[in-house]
Amino acid sequence: MRLLQEKTPSGPERRTALARLTDDWLAALFAAAAPPQGVALVAVGGYGRTELSPRSDLDLLLLHDGSAPQEAVAALADRLWYPVWDLGIALDHSVRTPAQARATAAEDLKVQLGLLDARPLAGDTALAAALRSTVLADWRNQAVRRLPELAELCRDRAERAGELRFLLEPDLKEARGGLRDVQALRAVAASWLADAPRDGLDTARRRLLDARDALHLATGRATDRLALQEQDAVAAELGLLDADTLLREVYEAAGIVTYASDVTWREVGRVLKARSARPRLRTLLGGRAGERKQPVERTPLAEGVVEMDGEAVLALSARPERDPALPLRAAAAAAQHGLPLSPHAVRRLATTAKALPVPWPAEAREALVTLLGAGAPAVPVWEALEAEGLVTRLLPDWERVRHRPQRNPVHTWTVDRHLVETAVRAASLTRRVGRPDLLLVAALLHDIGKGWPGDHSVAGETIARDLAARIGFDRTDTATVATVVRHHLLLVETATRRDLDDPATVESVAAAVGTVGTLELLHALTEADALATGPAAWSAWRASLVADLVKRVTGVLAGEPLPDPEAAAPSAEQERLAVEALRTGEPVLALHTQGEQPLDPDEPEPVGVELVIALPDQPGVLPAVAGVLALHRLTVRAADLRAVELPAELGPGPGSVLVLDWRVAAEYGSLPQGHRLRADLLRALDGTLDIPARLAEREAAYPRRRGVQAPPPRVTVAPAESRLATVLEVRAQDAPGLLHRIGRALEGAAVRVRSAHVSTLGANAVDTLYVTRPDGSLLPDEEAVDLARTLEAALG
């Protein structure tokens with residue numbers, strides 16, 4: 001069993017050698033056990049296919065014809081199974097007669113699938129061969145009933161394990177597009193009802209098996225999940241550059257398997273539907289099937305494209321070699337009618353279609369826009385084009401983003417699929433913009449720079465400019481697409497991380513965008529991009545912030561003056577709370593929904609909850625409030641702090657009051673009652689509530705899960721971002737009490753926090769802080785850098 005221990009290179013030769021050695025060992029065990037007549041040892045499942053990985057289990061069937069005494073067969077089984085167990089090898093075993101094996105297979109689909117790959121190892125090989133022939137015949141005879149069961153099994157497994165080509169930690173066997181699906185395709189082929197597209201399928205299967213072999217060798221365990229912490233070691237075992245290269249190869253293989261599965265199951269459905277219709281057709285025709293042949297129906301969809309048998313296919317008159325726009329026209333027609341594009345048509349287009357001239361003619365550009373504008377039906381059509389290499393031929397820069405993983409868990413998709421999904425989302429927003437064609441193309445290209453080093457938005461601008469010109473847009477439209485790609489993150493990052501009341505914030509966005517039309521496109525793309533990223537990337541709260549920013553920028557572009565934040569008077573409610581705080585000398589607070597009626601704590605939280613706190617000006621307010629909110633499991637989205645000077649006629653006497661306007665959300669459940677927040681805030685301010693200790697207790701109660709080590713916090717000074725305050729940007733691992741720790745560090749540095757803006761995506765937090773000296777002036781550059789380093793050290 002040398003190959004079970006040695007780290008020899010993965011590949012078909014190694015698997016074959018391991019299977020041969022295992023065969024010889026088991027055959028020797030069988031012979032030494034003096035087996036009776038009419039008994040055979042049979043490998044089934046993966047072992048039957050000689051697909052043994054270093055830590056694979058063994059699937060064995062002890063087959064007997066029933067002539068030997070039951071005690072003798074049982075004793076033989078013990079002599080075979082125990083040596084396997086003694087070596088620590090997992091074993092899936094059974095002892096059956098051919099009749100019992102067939103009966104079990106009839107009841108259990110997984111057993112039948114395993115028997116399709118039955119391979120005799122020792123003993124009565126004729127008995128084993130007869131069983132395999134019989135099981136294959138049963139499978140073909142029962143295919144009409146069993147294939148729908150197999151399809152349902154594949155769907156259930158995909159729902160549980162996810163789609164391999166988009167997972168950061170995929171299961172190489174169970175996930176959709178994995179080795180189980182390859183086995184299912186073999187079973188469909190064995191039924192003779194349909195067959196999978198063969199191009200690249202064997203290579204994809206070998207690549208997945210090689211990755212599983214390397215995973216077993218790297219971990220020393222029988223595992224099929226390619227965990228993050230194992231990927232570098234697996235890549236090294238396979239001689240690949242790094243973990244990203246490994247994932248791209250695995251994703252590409254899974255994509256081939258997935259496409260083959262989609263095509264195959266569609267064909268199975270068509271065959272089964274046709275078979276079920278034959279008896280009814282015979283009855284309607286009043287004769288035997290075949291007495292009257294029905295003509296094949298072809299419905300025109302576009303020039304050179306027709307619908308036939310539920311697919312978009314090429315018309316008999318189509319001439320791809322003379323019609324370079326036909327691939328895009330066929331794809332657009334298929335997507336617009338919600339039809340799959342026939343794999344035979346795509347293959348013919350890939351091999352015979354003439355290349356488009358550069359720049360593209362208007363017809364080709366319009367067909368691309370039509371394809372993208374079809375929404376969700378465009379996805380399978382796009383994947384069909386990708387399967388035959390047509391997308392890279394049309395857009396050469398696409399190759400760099402194909403199957404490229406995104407290691408931020410917020411992202412649901414790989415880069416290429418995210419781009420297509422963004423176009424799908426943008427298709428539903430085209431009524432909001434004046435140039436839907438530019439929106440759709442910018443959506444398709446917005447992350448195209450992720451295949452290059454450096455800032456992907458900067459690289460993407462250059463690539464998008466080249467591709468837009470290639471697609472046939474004029475110079476003005478090309479510049480607009482490039483600008484939208486360059487600034488596709490501008491709105492959401494500004495809205496969630498910057499003070500929108502600061503005129504410099506709005507003016508900088510207006511200067512970058514330039515025109516209302518470009519702003520309109522950016523607004524729609526921002527929403528489409530976030531929705532296509534994943535559920536954590538967009539919310540009603542983010543949408544409201546972006547909409548507010550867009551409204552302000554639109555005003556600037558229209559020439560409207562921005563209000564002076566320094567001259568803004570407190571609201572009536574803020575003034576009322578400030579008077580009460582000055583009168584009582586204690587904090588006063590109010591909870592509101594979107595600044596309207598007080599929130600019922602028993603109702604679920606809507607878009608955002610406003611928490612307004614007024615209290616006499618004193619040190620330690622920011623860390624105290626942030627800490628109390630963290631203890632009550634409230635997530636801070638934004639915080640605005642301002643000192644209000646009250647004249648004597650509004651209170652017991654003149655005085656300075658801090659008014660804090662917070663936007664918060666409950667992590668789960670309902671919001672705490674206001675009086676509980678106030679009571680804890682009083683204790684925090686007078687020092688009787690030890691917030692750091694309480695937060696530490698909570699963290700200790702929930703041990704950290706094993707995972708990738710988070711990078712250290714980073715604090716930077718945003719250059720010339722504001723004329724009102726110095727802007728610090730904190731990037732750190734999100735954790736309860738993060739803003740409290742930041743507030744404590746800033747209090748120690750004797751600076752005043754004007755406002756804080758919190759943005760969280762997954763495990764990453766970006767907190768932006770507007771700070772001044774105690775007298776309200778900006779920090780000098782050197783002082784600001786020192787403060788950033790101090791804050792970074794405190795958070796580390």
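The structure displayed is predicted, hence computed values, not measured ones. What you see below is based on every heavy atom in this structure, not just the backbone, and it leaves out hydrogens, waters and symmetry mates.
- Pairing each heavy atom of Ser656 with each of Ala643, the nearest pair is OG-CB, 4.0 Å.
- Asp548 CG: more than 12 foreign heavy atoms inside a 6.0 Å radius.
- Counting only heavy atoms from C-beta outward, the side chains of Arg576 and Glu573 approach each other to under 4.5 Å.
- Tyr770 contributes no side-chain N or O that, together with a main-chain N or O of Val753, makes up a donor-acceptor pair within less than 3.5 Å.
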May I have the list of side-chain donor-acceptor pairs in residues 761-769 shorter than 3.5 Å, sequence neighbours left out?
residue, atom, partner, partner atom, Å
Thr768, OG1, Arg497, O, 2.7
Thr768, OG1, Arg498, NH1, 3.1

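- A distance of 6.0 Å or more separates the ring centres of His411 and Phe166.
- Salt-bridge check for Glu783 with Arg773: passed, with a basic side-chain N closer than 4.0 Å to an acidic carboxylate O.
- At least one side-chain heavy atom of Thr515 sits less than 4.5 Å from a side-chain heavy atom of Thr518.
- Among pairs with a residue in residues 519-531, those fulfilling salt bridge (charged side-chain N to carboxylate O under 4.0 Å, His left out) read Arg432-Glu527, at least two apart in sequence or across chains.
- Counting only distance, with no hydrogens or angles, the side chain of Arg225 and the backbone of Glu169 share a donor-acceptor pair below 3.5 Å.
- Atom CG of residue Leu549 and atom CG of residue Leu519 lie 8.0 Å apart, to the nearest 0.5 angstrom.
- Of the charged side-chain nitrogens involved, at least one lies within less than 4.0 Å of a carboxylate oxygen, so that Asp447 and Lys450 count as a salt-bridged pair.
- Taking CG from Leu728 and CG from Leu746, the interatomic distance works out to 7.0 Å, rounded to the nearest 0.5 Å.
- Within the 3.5 Å criterion, the main-chain N or O of Arg663 finds no donor-acceptor partner in the side chain of Glu610.
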Practice prompt. For Ser755 and His757, run side-chain hydrogen bond (donor to acceptor under 3.5 Å, both in side chains): C-alpha distance rounded to whole Å, both residues' side-chain angles, the deciding distance at 0.1 Å, then the answer.
Written response: CA-CA 7 Å; Ser755 66; His757 306 270; 3.1 Å; yes
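- In summary, Arg160 and Asp156 do not engage in a salt bridge, as defined by a charged side-chain N under 4.0 Å from a carboxylate O.
- Judged by distance alone, with hydrogens and angles left aside, the side-chain atoms of Gln574 form a donor-acceptor pair with the main-chain N or O of Ser571 at under 3.5 Å.
- Not less than 6.0 angstrom separates the ring centroid of His487 from the ring centroid of His446.
- Although no hydrogens or angles enter the test, the distance criterion places a donor-acceptor pair under 3.5 Å between the side chain of Thr412 and the main chain of Thr533.
- Side-chain contact between Leu489 and His456 is present, with at least one heavy-atom pair separated by less than 4.5 Å.
- Salt bridge status for Arg165 with Asp416: absent, with no side-chain N to carboxylate O gap under 4.0 Å.
- Remark: Gln618 CD is packed, more than 12 non-hydrogen atoms of other residues, nucleotides or ligands lying under 6.0 Å away.
- In summary, Arg723 and Glu507 engage in a salt bridge, as defined by a charged side-chain N under 4.0 Å from a carboxylate O.
- Using a 4.5 Å heavy-atom threshold, the side chains of Arg642 and Arg754 count as separate.
- Each of Leu589, Ile613, Leu641, Leu677 was checked for a side chain to side chain contact (heavy atoms under 4.5 Å, CB included) with Val625, and the lone residue meeting it is Ile613.
- Proximity of Arg417 to Gln406: side-chain heavy atoms (C-beta onward) are nowhere separated by under 4.5 Å.
- Once rounded to the nearest 0.5 Å, the distance linking CZ of Arg744 with CG of Leu739 reads 13.0 Å.
- Leu791 is listed as a side-chain neighbour of Val730, based on a closest heavy-atom distance under 4.5 Å.
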Practice prompt. Before giving the answer on salt bridge (charged side-chain N to carboxylate O under 4.0 Å, His left out), spell out for Asp617 and Arg752 the whole-Å C-alpha distance, their side-chain angles and the decisive distance to 0.1 Å.
Written response: CA-CA 11 Å; Asp617 197 352; Arg752 180 182 289 274; 3.5 Å; yes
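- Between Ser457 and His488, the closest side-chain pair of non-hydrogen atoms falls below 4.5 Å.
- Taking the side chain as every heavy atom from C-beta outward, Pro692 and His740 approach each other to under 4.5 Å.
- Under 4.0 Å is where a charged nitrogen must lie from a carboxylate oxygen, and between Asp786 and Arg789 no such pair does.
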Practice prompt. Test salt bridge (charged side-chain N to carboxylate O under 4.0 Å, His left out) on Glu580 and Arg583 and set out the steps.
Written response: CA-CA 5 Å; Glu580 182 67 13; Arg583 185 184 66 82; 2.6 Å; yes
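- To the nearest 0.5 Å, atoms CZ (Arg425) and CG (Leu439) are separated by 14.0 Å.
- In the displayed structure, Arg678 atom CZ is contacted under 6.0 Å by more than 12 heavy atoms of other residues, nucleotides or ligands.
- The closest donor-acceptor contact from the side chain of Gln231 to the backbone of Leu226 lies under 3.5 Å.
- Note that the CG atom of Leu582 and the CG atom of Leu577 stand 12.5 Å from one another [nearest 0.5 Å].
- Atom CZ of Arg676 is surrounded by 12 or fewer heavy atoms from other residues, nucleotides or ligands within 6.0 Å.
- A side chain to side chain contact (heavy atoms under 4.5 Å, CB included) with Arg552 is found for one member of Leu557, Thr505, Val506 and no other, namely Val506.
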